[in-house]
Asker: 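Sharing a structure here in structure tokens format.
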There are 2 protein chains.
Amino acid sequence: MVIGRITLKDVAREAGVHTSTASRALNPQTQSVVNPETVARVLEVAQRLGYRPHPLARGLRTNQTMTVGMVIPDVENPLFGPIIAGVEHRLGTDGYSLLIANTDPRDDSSLTVIDALAERRVDGMIIASASRVDEHIRRLHDQGLPVVQVNRMSNEVEVPAIVGDDHAGIGLVMEHLVELGHRRIGHVAGPGTFSTGLGRREAFLEWAGKLGVHEAPIEEAESFRMMPGYRVTRRLIERNPDLTAIVAANDLLALGAYQAVSEAGFTIGQGISVTGYNDVPFMQFVQPPMTAVRVPYRKMGVEAASVLLEMIADSETVRPGAVWLTPTLSVRESTARPRS
Amino acid sequence: MVIGRITLKDVAREAGVHTSTASRALNPQTQSVVNPETVARVLEVAQRLGYRPHPLARGLRTNQTMTVGMVIPDVENPLFGPIIAGVEHRLGTDGYSLLIANTDPRDDSSLTVIDALAERRVDGMIIASASRVDEHIRRLHDQGLPVVQVNRMSNEVEVPAIVGDDHAGIGLVMEHLVELGHRRIGHVAGPGTFSTGLGRREAFLEWAGKLGVHEAPIEEAESFRMMPGYRVTRRLIERNPDLTAIVAANDLLALGAYQAVSEAGFTIGQGISVTGYNDVPFMQFVQPPMTAVRVPYRKMGVEAASVLLEMIADSETVRPGAVWLTPTLSVRESTARPRS
DNA sequence: GTGAAAGCGCTAACAT
DNA sequence: ATGTTAGCGCTTTCAC
């Protein structure tokens with residue numbers, strides 16, 4: 001069976017009605033206006049002929065593509081798999097499809113990538129690549145395109161964002177460490193250009209104060225990758241030799257911290273505790289298994305898609321603002337009581 | 001600037017020509033038939049007005065969507081990130097976009113997912129979810145839709161496939177182990193329903209024979225996941241207590257093997273060597289760092305997209321068949337000389 | 001070399 | 001309740 005050879009005209013002819021009547025009968029919105037018997041007949045014929053509406057023709061008229069674009073900063077990052085899965089799942093429920101665009105974080109290809117999506121007349125966009133200052137997002141929003149941010153958020157408060165609750169997540173980690181007895185805790189921060197980097201850093205300071213942590217030095221890594229984590233942790237340990245724990249702003253930074261801590265002659269967990277953030281797959285298998293904040297990424301994707309669909313359906317009723325999803329803590333062996 | 005408000009008609013009026021002339025001037029294919037001066041003028045006006053052709057309108061006429069669909073069995077599997085990145089990159093170069101559809105491997109949603117893509121009139125499809133017997137792929141191919149398989153392949157020899165060279169990959173591992181002195185090697189096979197499971201299993205047997213391995217028992221896991229790997233390895237060790245090495249058909253199975261080997265009282269690397277396949281991210285950080293076959297997944301995606309684009313451009317000239325990409329071996333500490 | 005006109009498949013305003 | 005007509009924005013015959 002070749003899809004798409006049967007057009008509305010064929011159905012109409014076979015059912016003995018005009019195409020417009022067939023169109024109305026087939027469309028749930030307008031179906032009520034047609035004689036129930038006619039509806040039944042058209043439906044039966046369409047079914048029998050295997051009629052499939054042509055999405056391009058429909059889209060040309062209705063100015064809707066039933067397609068949503070998603071901009072990912074780095075598809076290879078295991079973080080985004082679950083988000084994509086969640087988005088795709090939710091969209092599929094409503095008959096929408098997902099157009100994926102990958103941005104190389106090194107060059108700034110986001111401009112062309114976003115434009116390519118916009119040119120395709122996507123009905124909305126999900127942006128997983130937001131910087132704190134992000135003119136692309138502003139532009140899209142100004143153009144009136146429904147946009148939702150996910151995972152990270154820009155300063156554009158008008159644009160809804162579904163992100164992890166970094167304040168709560170860092171709180172989980174800090175309470176855990178303080179409970180174990182730590183009072184000198186360092187933070188390997190992510191880039192301040194991303195909401196996640198900045199947010200976790202601020203949360204760290206706040207919780208340090210609240211929980212009576214004596215010493216809470218911070219060093220910022222240039223990117224959320226392993227080698228920067230290594231370098232920054234070295235510096236952190238050199239300058240603050242009494243630290244008993246390191247809170248990293250993501251798992252890769254923590255892995256870098258693992259190496260730096262080992263090289264400094266400490267045993268991770270015993271000498272210095274280290275924590276990660278995100279809890280990407282396999283963190284339970286590194287040595288030692290990593291204590292890390294787990295963010296519900298799939299759910300994040302589902303939520304982002306839901307909000308976007310609402311905006312597409314009725315852009316007025318959706319109040320902008322952020323939704324913070326509550327993380328949990330996966331406690332493993334990279335954290336233990338401080339050395340005495 | 002709102003994208004898409006300017007239509008061809010606007011450009012034509014402003015340039016003082018008919019829309020059809022403007023269309024010809026803008027289209028590289030037909031451009032040669034138009035007066036060069038007119039072309040220049042139309043181009044200039046289009047540029048100045050920020051004209052962007054409407055892809056739906058064009059697609060409706062040309063019956064091309066400039067869109068390719070990709071079916072992924074499990075977006076959350078880190079394997080597929082690089083493949084998607086490669087595909088997306090290559091497609092973007094030619095102005096094509098990527099529609100992603102995720103199939104839950106548990107239920108058989110691939111039917112609806114593939115149909116959804118087909119209804120959108122994608123110009124071609126990349127299937128990463130092939131089973132060895134796969135009626136969906138056959139159906140698409142029979143309908144005349146350009147289709148390429150990636151990572152795994154079905155028995156449909158008419159449909160091009162870009163996959164890893166499992167024979168070479170297993171050879172790399174076997175030669176490495178035999179060189180270290182191993183002669184009793186077990187294989188934790190993946191499901192025989194997938195070309196990867198079957199291919200690696202057959203390659204294992206062949207290399208075992210060729211390299212003079214005395215003992216080469218095989219146990220097949222029900223899926224490429226960790227727990228099945230654990231269970232199957234336990235059985236393998238119980239039934240063949242003299243094994244000194246385990247070759248797993250993928251990394252997760254190997255991780256399961258890690259656990260089973262440890263529980264059996266052996267030290268991985270020292271007592272029993274274990275190897276993985278795929279070398280997904282973080283395998284260098286598990287304990288001990290895993291020796292694994294590395295498959296060039298990004299390249300695989302690029303190649304698949306290239307072949308598909310060729311087929312779309314001219315379905316006749318493309319000879320079907322498989323392309324096997326050569327893997328490499330990441331030697332780490334999970335392999336060493338056999339215990340004496 | 002360019003314009004006129006038709007039409008891709010569908011939906012929507014208007015008429016009956 | 002249904003048919004008529006127009007048109008979404010573009011490409012593509014067919015004239016001239």
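Just so it is clear: chains get the letters A, B, ... in the order the sequence lines come, proteins before strands, and each one is counted from 1. The structure presented is a predicted model; accordingly, all values stated were derived computationally and were not measured.
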Asker: Can you check the B/D10 CG to D/dC8 C1' distance for me, whole Å?
Answerer: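 The distance from CG of B/D10 to C1' of D/dC8 comes to 14 Å, rounded to the nearest Å.
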Asker: When you check the side-chain N and O atoms of B/T67 and B/R120, is any donor under 3.5 Å from an acceptor?
Answerer: no
Asker: C/dC8 C1' sits how many Å from B/R121 CZ, rounded?
Answerer: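 So the two atoms are 11 Å apart, to the nearest Å.
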Asker: For B/E88 and A/N102, indicate whether the former's side chain and the latter's backbone hold a donor-acceptor pair under 3.5 Å.
Answerer: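 Judged by distance alone, yes, a pair lies under 3.5 Å.
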Asker: Rounded to whole angstrom units, what separation is found between the CZ atom of A/R61 and the P atom of C/dA13?
Answerer: 8 Å
Asker: State whether B/R139 and B/E135 are salt-bridged, where the test is any N-O pair (Lys NZ or Arg NE/NH1/NH2 against Asp/Glu carboxylate O) under 4.0 Å.
Answerer: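 Not counted as a salt bridge, because no side-chain N and carboxylate O are separated by less than 4.0 Å.
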Asker: Grab the CD-C1' distance between A/E119 and D/dC10 for me, whole Å please.
Answerer: 15 Å
Asker: Round to the nearest Å and state the distance from B/Q64 atom CD to D/dC10 atom P.
Answerer: 16 Å
Asker: D/dT11 P sits how many Å from B/H54 NE2, rounded?
Answerer: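 Those two atoms, NE2 and P, are 12 Å apart.
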Asker: How many Å lie between CG on B/L60 and C1' on D/dG7, as a whole number?
Answerer: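 Rounding to the nearest Å, CG of B/L60 and C1' of D/dG7 are 12 Å apart.
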Asker: Side-chain N or O of A/R58 less than 4.0 angstrom from OP1 or OP2 on C/dT11?
Answerer: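 Indeed, a polar side-chain atom of A/R58 lies that close.
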Asker: The test is side chain to side chain contact (heavy atoms under 4.5 Å, CB included); show your working for A/L145 and A/M125 and say whether it passes.
Answerer: CA-CA 8 Å; A/L145 188 75; A/M125 272 199 222; 3.8 Å; yes
Asker: Determine all donor-acceptor pairs shorter than 3.5 Å in which one atom belongs to a side chain in residues 296-307 of chain A; sequence neighbours excluded.
Answerer:
from, atom 1, to, atom 2, distance (Å)
A/Y297, OH, A/N278, OD1, 2.6
A/R298, NE, B/E76, OE2, 3.3
A/S306, OG, A/R90, NE, 2.8
A/S306, OG, A/V302, O, 3.1

Asker: Identify, with sequence neighbours excluded, every residue that meets side chain to side chain contact (heavy atoms under 4.5 Å, CB included) alongside A/S131.
Answerer: A/D134, A/F194
Asker: Quick one, which residues of residues 13-46 of chain B touch DNA chain D with a heavy atom under 4.0 Å?
Answerer: B/S20, B/S23, B/R24
Asker: What is the distance from CZ of A/R5 to C1' of C/dC8, rounded to the nearest Å?
Answerer: 13 Å
